[in-house]
Amino acid sequence: MANMGPRGKAPIGAGRGKMDFKVLGRLMKQVFNDYPVHLTIVVICIVLSALIGVAPAAYIETITRYIEEGLTSGWTEILPQLTKALITMAALYLVSLILTTIYTQLMAHVTQGFLHKTRVRMFSTMQSLPISYFDQTPRGDIMSRFTNDTDSLRQVVSQSLPNLLSCGLTVIGVLCMMVYYSLPLMLVVILGIVCMTLATKNIGGKSAKHFVRQQNSLGKAEGFIEEMMNGQKVVKVFCHEEAAKQDFDKLNDQLFRDAREANRFANVFMPIMNNIGNLLYVLTAFAGGLMITSNGLIPNLSIQNLVTLGTIAAPLSISAVASYLGMCKQFTANVSQVSQQMNAVAMAVAGAGRIFDLLDQKPESDEGTVTLTRCREENGTIVPCAERTGKWAWQHRKDDGTMEYRLLQGDVRFFDVDFGYVPGKTVLHHISLYAKPGQKLAFVGATGAGKTTITNLINRFYDISDGKIRYDGININHIKKADLRHSLGIVLQDVNLFTGTVMENIRYGKLDATDEECIAAAKLSNAHDFITRLPEGYNTMLTSNGANLSQGQRQLLSIARAAVADPPVMILDEATSSIDTRTEALVQRGMDALMKGRTVFVIAHRLSTVQNSDAIMVLDHGNIIERGTHDDLIAKKGTYYQLYTGAFELE
């Protein structure tokens with residue numbers, strides 16, 4: 001039940017249980033490419049804010065020294081200097097606050113904008129993918145990438161990455177200040193750094209690992225729920241509720257275990273880091289007290305002494321210890337903040353990996369150069385035009401730069417075609433057939449014989465392994481896929497209606513169709529009668545794939561949608577299988593009118609619907625075993641005869 005990635009591969013980062021820094025780098029690069037100016041300002045503000053944030057620690061030493069001097073020698077001369085230092089320190093905090101406000105507001109804009117652009121990129125990529133991707137990837141897994149995975153990026157872009165930069169710069173600045181003030185006390189801090197590093201590696205690393213697993217488990221659970229919601233009728237009709245619960249329990253239990261472990265380590269990690277910081281603070285205070293009370297026996301080796309006194313060794317002052325304790329607190333707080341943000345980063349990297357996996361999918365290839373254009377005939381010559389004439393022509397630029405036009409007629413021919421969905425497993429063998437303009441071809445045979453596969457090759461949902469398919473004498477590989485499919489109409493057994501009015505669903509077949517054209521298409525398919533009985537007629541809203549309509553009514557709308565497109569070639573894949581016998585008679589009359597003058601490929605289990613076909617192809621395991629008209633095949637008394645007379649039935 002696990003949701004695998006495309007082509008059976010696990011998504012990027014899935015199951016690794018560790019952070020992929022390549023994905024993190026790509027994420028940061030993508031954010032910067034989308035908002036270079038905003039992020040440049042943000043980085044400048046963060047750098048300035050971090051530098052200013054370190055400066056008050058130095059002022060604490062100065063203020064403490066002024067207070068010492070004021071207590072010993074009086075406040076008359078010291079008070080103005082102390083006041084100036086306090087005002088300067090307050091001004092630095094105010095500037096830091098302003099800078100922080102600026103970059104947080106900018107990051108709010110960058111975050112939402114980046115998520116918006118990411119969703120647009122994902123949807124655009126999804127629209128360009130071949131049908132094979134959707135055949136091999138669960139829909140719930142794709143939905144999880146649009147929702148759960150994109151949401152995981154929100155916190156890391158808006159908070160985690162800016163905080164990591166700010167805290168990282170602050171830690172570096174504080175360490176430099178510590179080295180400047182006291183090398184002996186720095187040894188105590190190094191001890192704390194070692195302890196924090198070990199804690200981060202052994203506890204924080206495990207926490208991040210399980211957060212990555214939690215993200216992947218969450219995607220699988222959400223994907224399963226999506227599938228169960230879509231297939232709820234099937235679940236109930238086959239009494240599969242208990243089995244579905246068991247399958248969900250397995251996924252949910254795995255999610256529980258991963259989330260429990262992630263939060264268990266995370267909940268332990270922060271108290272440990274905080275207590276290491278507190279212990280470091282106490283040890284620093286103790287060591288500083290020893291150095292102060294040693295009366296110079298333990299010299300304070302520091303760069304500050306070298307700069308101010310010309311010597312690297314001097315007694316440690318109370319003001320220096322006070323400043324050092326402030327820096328120690330600031331150092332541990334920022335290290336803890338960095339460690340805490342790593343969990344959010346780990347989750348975001350797992351989500352980003354799944355998103356990039358979708359974005360990196362190879363789009364549907366299209367090397368076609370032949371396009372479709374409106375045309376008219378003048379003195380026997382095909383001339384392209386912009387106005388609607390009801391005629392179309394294939395347009396091809398020849399090597400000498402001139403344009404060649406060939407009237408779109410709907411002549412489709414297969415020449416010795418082989419095809420397999422996966423390499424090495426051929427499902428169609430040496431298929432050769434032809435359909436002249438206006439002819440009706442029918443495919444019959446058992447399930448899995450290859451009927452639908454043939455129609456999938458006509459519209460190039462898949463490309464053939466060997467042989468040729470020609471459309472009006474043109475190799476379909478040379479025709480742009482969008483133009484090829486524009487010339488085809490298709491009515492499937494599984495109807496897909498979209499959220500919108502009845503009129504909008506019919507117009508889906510031709511976006512520039514007028515209301516009159518849509519109504520005419522509905523009348524042609526015999527859908528007009530039931531539409532006018534709906535609460536708001538053609539303006540009735542449809543939701544949940546037309547759940548408020550019967551299966552037959554939904555099929556009638558799909559036929560009307562194909563009719564309004566007015567294509568020269570129609571593919572009817574079990575188009576009447578979901579319609580009752582009475583409705584089928586009405587639909588069949590509309591279908592006959594729809595098929596008049598068009599090349600039609602019909603797939604049907606009900607042999608009564610294909611009797612008037614110009615040719616009937618009987619398929620078995622990817623081979624055409626019989627072909628001919630209804631009367632011819634009946635006379636042969638072969639497989640078709642047995643099917644028609646009920647000697648054995650289609651499955």
Side-chain angles (χ1 to χ4, degrees), residues 372 390-392 394 407-414 433-444 451-461 469-472 474 476 479 481-497 505-511 513 517-518 520-527 552 554-579 583-617:
L372 202 59
K391 293 185 177 181
W392 295 83
W394 299 112
L407 195 64
L408 172 60
Q409 296 178 312
D411 186 290
V412 180
R413 298 172 184 260
F414 280 58
L433 58 88
Y434 65 88
K436 295 179 180 179
Q439 285 190 331
K440 177 181 177 182
L441 265 66
F443 300 108
V444 299
K451 305 183 297 294
T452 300
T453 300
I454 291 178
T455 60
N456 284 339
L457 298 182
I458 296 174
N459 50 40
R460 288 194 68 192
F461 284 159
I469 302 176
R470 292 190 177 274
Y471 193 155
D472 290 332
I474 305 170
I476 63 169
I479 303 174
K481 289 184 177 180
D483 294 87
L484 172 66
R485 292 165 185 168
H486 186 75
S487 71
L488 302 170
I490 185 166
V491 180
L492 300 173
Q493 178 180 6
D494 298 324
V495 180
N496 286 295
L497 299 179
N505 270 275
I506 296 176
R507 187 177 285 119
Y508 201 88
K510 183 181 179 183
L511 295 181
E517 289 176 321
C518 292
K523 289 179 178 179
L524 185 66
S525 65
N526 285 314
R554 294 169 65 242
Q555 189 64 277
L556 289 173
L557 283 184
S558 73
I559 295 171
R561 183 168 60 194
V564 78
D566 195 26
V569 177
M570 291 290 297
I571 298 172
L572 309 176
D573 189 351
E574 301 287 354
T576 60
S577 63
S578 302
I579 302 175
T583 306
E584 182 183 1
L586 295 173
V587 173
Q588 197 61 51
R589 288 200 295 269
M591 295 278 287
D592 290 339
L594 175 63
M595 292 185 288
K596 186 177 181 180
R598 308 177 196 274
T599 305
V600 182
F601 295 91
V602 180
I603 299 173
H605 278 143
R606 297 180 185 176
L607 299 185
S608 59
T609 64
V610 301
Q611 291 183 37
N612 61 345
S613 300
D614 295 289
I616 299 172
M617 308 287 173

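None of the values given here were measured: they were computed from a predicted structure.
- Scored by the side-chain contact (heavy atoms from CB on, under 4.5 Å) test, Ala615 finds Leu441, Met617 as partners (sequence neighbours excluded).
- Of all heavy-atom pairs between Leu372 and Trp392, the closest is CG-CE3, 3.8 Å.
- For Phe443, there are no ring-ring contact (aromatic ring centres under 6.0 Å, His included) partners, not counting sequence neighbours.
- Rounding to the nearest 0.5 Å places CG of Asn526 at 8.0 Å from CG of Leu524.
- Between Arg561 and Asn505, some side-chain heavy-atom pair lies under the 4.5 Å cut-off.
- Residues forming a ring-ring contact (aromatic ring centres under 6.0 Å, His included) with Tyr508 (at least two apart in sequence, or on another chain): Phe498.
- Contact record, Thr599 with Gly438: OG1-N, 3.3 Å, taken as the closest heavy-atom pair.
- With sequence neighbours excluded, the residues that form a salt bridge (charged side-chain N to carboxylate O under 4.0 Å, His left out) with Arg485 are Glu364.
- Nearest approach of Ala563 to Ala521, heavy atoms of both residues: CB-CB, 4.0 Å.
- Asp411 is linked by a side chain to side chain donor-acceptor pair (under 3.5 Å) to Arg413, counting only residues two or more places apart in sequence or in another chain.
- You'll find the side chain of Val412 reaches within 4.5 Å of the side chain of Phe601, heavy atoms only.
- For Asp566, the side chain to side chain donor-acceptor pair (under 3.5 Å) partners at least two apart in sequence or on another chain are Arg598.
- Val564 has its side chain within reach of Cys518: a pair of non-hydrogen atoms, C-beta onward, lies under 4.5 Å apart.
- By the side chain to side chain donor-acceptor pair (under 3.5 Å) test, Ser487 pairs with Tyr471, sequence neighbours left out.
- Here the OG1-CG distance, from Thr452 to Asp573, works out to 3.5 Å after rounding to the nearest 0.5 Å.
- Atom CD1 of Ile571 and atom CG of Leu488 lie 5.0 Å apart (nearest 0.5 Å).
- Of all non-hydrogen atoms in Pro437 and Gln409, the two that sit nearest each other are CB-O, 3.6 Å.
- Partners of Asp472 according to the salt bridge (charged side-chain N to carboxylate O under 4.0 Å, His left out) rule, which considers only residues two or more places apart in sequence or in another chain, do not exist here.
- Within the 4.5 Å cutoff, the side chain of Phe461 has no heavy atoms near those of the Thr455 side chain.
- The closest side-chain heavy-atom distance from Ile616 to Val444 is below 4.5 Å.
- In this structure, the side chain to side chain donor-acceptor pair (under 3.5 Å) partners of Lys391, at least two apart in sequence or on a different chain, are Glu377.
- Of all non-hydrogen atoms in Leu556 and Ser525, the two that sit nearest each other are CD2-O, 3.3 Å.
- Looking at every heavy atom in both residues, Ile476 comes nearest to Arg470 through CG2-C, 4.4 Å.
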